[in-house]
Every structure is written in C-alpha cells, then in structure tokens.
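Structure first, then comments.
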Amino acid sequence: MNLNDIFFLGLNGSAWLTLFILFSMMVALVRTRLRPEIIFLGGVTLLLVAGIVDEEEAMRGFGSEPVVIHAAFFVIIAGLIQSGVMYWLTKHGLGTPKGYRCALWRLMVPISFLAALINAVNVVALFIDGVKIWARKLNISSSRLLLPLSYAATFGGMCTLLGSTSNIVLAGLYTQKTGEALNIFTPLVPGLAVTAMGWILVVLLRRFIPERESPEQSFETTSDYTVELLVPTDNPAVAMTVQDAGLLSVKGGSLVEIVRFDKEIIMPVSPDEFVMGGDRLIYAGQITELLELKRTHGLVAADHHVWSLDEIDSDRMLRTAYVCFGSDLIGKKMTETDFEHANDVTLVAVARGGHRVDGQPREIPLQAGDTLLLECPPKVEEQIEQANRRRLTFFHSHFVPQIGRRTWISTLILLLMFLTSTFHVLPLMAATMLAAGLMMMFKCVSMDNVTKYIEWDLLMVVGSIVILSIAITNTGMAEVIAQGVLTLCKDNPYLVMITMCLLASIVSEVVSDVGAGAIFFPIMWHQATLLHCDPLPFVMSLMFAVEVSFATPLGSNTHMLIYGPGAFRFTDFARLGIVMHIVLLATSLLVINILFPIYP
C-alpha cells in the first residue's frame, strides 16, 4: 500500500514519515555528538529512499541560491582577511574607552555594522582574540565583553540578507516560491530597530552579564604545572619502558616529553619508549604530587623547573584551543584517542570554567568549552587547525597581513557587490559570484588556499535544509499544520504570525536558526496563502524569530563560538538571554507589521 493512501489526523503516511525524520534529526542534533552535516545528509538520504523527494529536487536543493551565495561569500571573506581589511578594522576599531559602559558602546556599534556586511559568525570568529586582549588592557573580565560581542554581531546580522545564514536560506526559499529576489537590505529597517533595542538592553542590563575568570589565566605560568626530573644512571628503571617503570601516567600528572642527554626530543612519549640514564623527564600536572616521584621512583631534581617548553625545543610552542560543541572529543580522555599522535601534539593542561582541572590532563574526560593547553609545532599549526576545526577552535593566530593596494581593492569589491545588488543591477547570487571572482582575479585571496576558507560542511547543511523544506511541502504537512493553527487562532493573521514566530523562536533555541527557519517557512507560507495575505511579512517575521534565540548557547552560532573562550557556564546565557528573546521578538513583530502590511 502506498504511504500516501494512509491517513491519520489529516496527515498521510509520507507526511508522518517526514515528521518522524525531522524529529529524529532534532534529537540527534541535541543528544548526540554527530556532526550536523552527517545528520542532515542522513535525513535527506532517508527522504530520497522513501521517495518523498526525487533526485531532481535533491540536486536542486544542493544547487540552490543559498548554497551558491554561501560558497561565493566564503571566498569574499577570505579576500577581506588575507588582504588585511579585517586586520585593519580589528586594530583601529576599538580604542581606549573610559569605563565599562563606554566600552560596550565602543564594541557593539562597529561590530553590528561589520556583521551586517560580512556575516555575524565570521565577525565573532575574527574578533574573539582581539576582544580578549582588549579586555585585559582595560582590566575587564573577557566574559563581560565577549557576550556583548556575540549579541552585537547577531543584531547586525539581522539587518541584511548576508548578515545571517538563516536570512540567506529564507530569502532563497522566498525567491523559489515567488520568482522575485529580495533586496539585500530588505530587513534593514526592522533590523536597525532590533539592533538599537538590543544595544540599549545590553547597556541597561549589563550587571546580568556574568564575570568569569579567563581560562588562559590558569596557563599564564607554566611553572604551575610543569616539572623536570632527571633519571640517574644507576636508576632501576634504566632499560625498562616508561610503561613498565611506572613513569608514563603517574599520580597527579603525566609524562609530556623526554629530553635525551644528546638533546633529542621524544614527544609524544609512547608507552614502549625505553628509559635511559641521564634522561630528563618533563611532567605536567600537580607539582606537589609530581615531586613525590623523586622519592617513589628514585628520580632527582634537574637543574630547574621548566618555565616554558620553548626552552627545550624552540621549534615547538604552546597553543590554547577550545573544545567545540559536537566535537568527538567530548566525553573522552585524551589517552582514549589518537589525537596527540595524529597531530604531533601533547596535552599539557585542561581548564574548565576559568580554572585548571586538577589531575592528570590526559586522563580528564573532556567537555564542550574546555580550554586545552597544547604543545605543538608551529610549522604545521595551520594544518592542525584545518584538520581539527570541528573538534577544537584554536586562537592566538600570529598572521599579520600587509596593508596596501589589495586592502583597498578588496574594500572596493565589497562595496561594488552591495551597490549592484541594492540597486538591482545584478541579482544577489550574481553579485556575490562576481565579487568572489574579482577577489581571485586581483589576487586579494590566494588561489592555492581559497578552498580552505570554504566551509563545505555548512554548504551541505544549507543544501539539506532546502531539501527538507521541499519535503514538508510535498507531503502536504505544511498545509495541514497551517490549517490547524489557523483554526486554533480563529483565522486571525496577527495571532497566527505571533504564535508561529513564538514556536519557531523556541525551536531555534535547541536546533539552530537555519533548521528552525526551514521547518517553519512552508507552514507560514501556506498560512499566508490561506489567509489571502502578503507572504513577505510572514517570511520577514520568521527571519527575526529564529535569530533572537539567545537563551542557550545551542541556539546561537555566535554564542557557541564564545562559550569556551569566555569560560561561560551553560546557564549564563539565560540570565540576560530570556529577556532579550522576548523583548526583541516583540520589537521585530511590531516594526514588521508597521512597515509591511499583511494585506496586499
């Protein structure tokens, strides 16, 4: 029997299967550590196998306007970074304000402006390191500036289609339905209203912004956690493996590296590495417990404690990294993975909530947001970052571009893109593709490295989301749910809009703005059609509803970026986020209904 012939509560079998797939994906996103692109591609695969979408619709999703715009925009961002535009803005944009309130204004205004131009997530990622250094200079806890950074970027991202991934996706879905492309500045006026209200709320409620100790403060002096011990020539451990001698994982720490008498560096240390007389053993962990090794294992103190691992090998350096949400390292001990050997690094210490975690670093189960201190080779640090960007987020990049002719060229290209799209000289997709091409033509971005800036996994997610939206429409689910909400709201278009936006904003707190937008778009479209209303106000209200998800770090990509660097706790975001969520959603709905009448 065909699934479409089975009906229950007004939904056919295909609709129920689609609903089950969507629910399973949401659970997987929240409850598992599977990468989002794997979950979304798995959902699309099930839809294809079940015949709910066909191959042509699937290909149309991955080749849709949102996917192409994102791919081109990644190249544009790379050009702005490599040509020095972002470096110049970071260096000259903040200054030295007097007091915390002035610092908030000095931070939020330029950040919101930049986020409207080059996407909120990119702005936060680029500014985290600079804001932390700025916070130390101003003697302010970095958490008290990182949270406003995240807010300000999200506010600004609401002002343009390019400022937010969800805006691009919803604008693309709108174009598919109507054949009309939205102007890049269509959400500008309501976006400015929300941005201004957001700024005011952050400043007025600044006492609710948590003050957390920076995790790097736990790592400022390596003498707190590294000690060097010497193996005497007559020690019984000589000629034994470090594992058999009990010198690898010890109480209070672990063996980081061995320095032979001929200065040979052995790092990481494998369990079957032999101990030799005269070896200098470098341990990381609790100093008081590590010093007990002198008594229990017959070791002696070396010349001095190792104040910096750079003293041992100048080709290696200490780097800090933060465990990402969804990382496959979460819940695991470093000894249970091949991360260190695969990347030629050693975990030296772990900090959580701004404080170093006691115990052996490599035996500590890791959590999202943990700060890791790694000893790694700088010559391959770029490869390490690229290979592990879904596991860890590295900061403190030493890349300083040259400011010159290409800086101005890339700036002009960005302005050209906005002008051609704003005045309808070119559609948005064509404008972004032209700008990406010009960035490469004028060598603002290296042709050899351009692909590393493209987040292929995000493109897979965006393409999958477009296909899911098609499935919700194909199965009739959108129409049935839309009709049910209309009946519940007594066909009142304003009540329908408020109800759907409230639901979408709640879902986006745990799923993501892009996923929530794609799920609710076809439903709200059918509601507008059944009510004989202009769909644009409904689409605009949905854009803002899914973006104001500030109460949890899961609902906001910018919040997830600052979670580890700010040493935040999961509940920190709810203190101010719930108020922001309610007030900004109400503000956006009010302004949108004033500017965009729902009846044509």
- Would you find a donor on one side and an acceptor on the other, under 3.5 Å apart, between the side chain of T160 and the backbone of F185? no
- Note on the structure: Exactly one of L107, I562, I111, V124 clears side-chain contact (heavy atoms from CB on, under 4.5 Å) with V131, and that residue is L107
- Task: Take N474 and E57, measure what side chain to side chain contact (heavy atoms under 4.5 Å, CB included) needs, and give me the verdict at the end.
- Result: CA-CA 11 Å; N474 287 354; E57 289 170 328; 3.1 Å; yes
- Task: Ignoring hydrogens and angles, state whether a donor on the side chain of T473 or W525 is under 3.5 Å from an acceptor on the partner side chain.
- Result: no
- Message: Quick check against the 3.5 Å criterion: does S588 have a side-chain atom that pairs as donor or acceptor with the backbone of L585?
- Response: yes
- Query: Is the side chain of S421 donor-acceptor paired with the backbone N or O of F418 at a distance under 3.5 Å, no angle test?
  - Reply: no
- Task: Answer yes or no: is there a donor N or O on one side and an acceptor on the other, between the side chain of D370 and the main chain of Q367, under 3.5 Å?
- Result: yes
- Message: Could you check whether any side-chain N or O of S112 sits under 3.5 Å from a backbone N or O of V109, counting only pairs where one atom can act as donor and the other as acceptor?
- Response: no
- Measure the spacing between CD1 of I128 and OG of S142 and express it to the nearest 0.5 Å. 10.5 Å
- So CD1 of I200 and OG1 of T195: to nearest 0.5 Å the spacing works out to 11.0 Å
- Query: Would a distance-only check, ignoring hydrogens and angles, find a side-chain to backbone donor-acceptor pair under 3.5 Å from T552 to E509?
  - Reply: yes
- Message: Test your reading of the model: is there a side-chain donor-acceptor pair from R575 to the backbone of D572, 3.5 Å cut-off?
- Response: no
- Message: Checking the side chain of S143 only, and the main-chain atoms of P210 only, is there a donor and an acceptor separated by less than 3.5 Å?
- Response: yes
- Query: How are the rings of F550 and F155 set relative to one another: parallel (under 30°), tilted (30 to 60°) or perpendicular (over 60°)?
  - Reply: perpendicular
